[in-house]
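Taking it in order: structure first as structure tokens, then the write-up.
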Amino acid sequence: MSNGDEKYWYNLATGQVEFGMISASADRVGPFDTEAEAANAPEKLRERARAWADEDAAEDAAKGRGAE
């Protein structure tokens, strides 16, 4: 298991990349191996949210609970 103090994090409150666990856990996402990966965190979060929404919609459709 890697040490979070030696990784990059994206601070949701400030929009800044941080090295190490500087901010409160509620304000940061990660860890990331590189600064560039951390800087791309907002797009990665949007991609994952879209994928989860698509999965939920597919599951609902399979159960016969389409959008009403």
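A heavy-atom distance below 4.5 Å is found between the side chains of K7 and W9. Within the 4.5 Å cutoff, side-chain heavy atoms of L12 are placed close to those of V29. R28 places none of its side-chain heavy atoms less than 4.5 Å from the side chain of Y10.
Between atom NZ of residue K44 and atom CD of residue E37 there is a gap of 8.5 Å, rounded to the nearest 0.5 Å. Here D27 contributes atom CG and E18 contributes atom CD; the two are 8.5 Å apart, rounded to the nearest 0.5 Å. Here Q16 contributes atom CD and I22 contributes atom CD1; the two are 11.0 Å apart, rounded to the nearest 0.5 Å.
Closest approach of T34 to Y8, counting heavy atoms only: C-CD1, 3.4 Å.
If you chain together hydrophobic residues whose side chains sit under 4.5 Å apart, F19 and F32 fall into the same group.
Under a cut-off of 6.0 angstrom, the local environment of CZ in R50 is crowded, with over 12 non-hydrogen atoms contributed by other residues, nucleotides or ligands.
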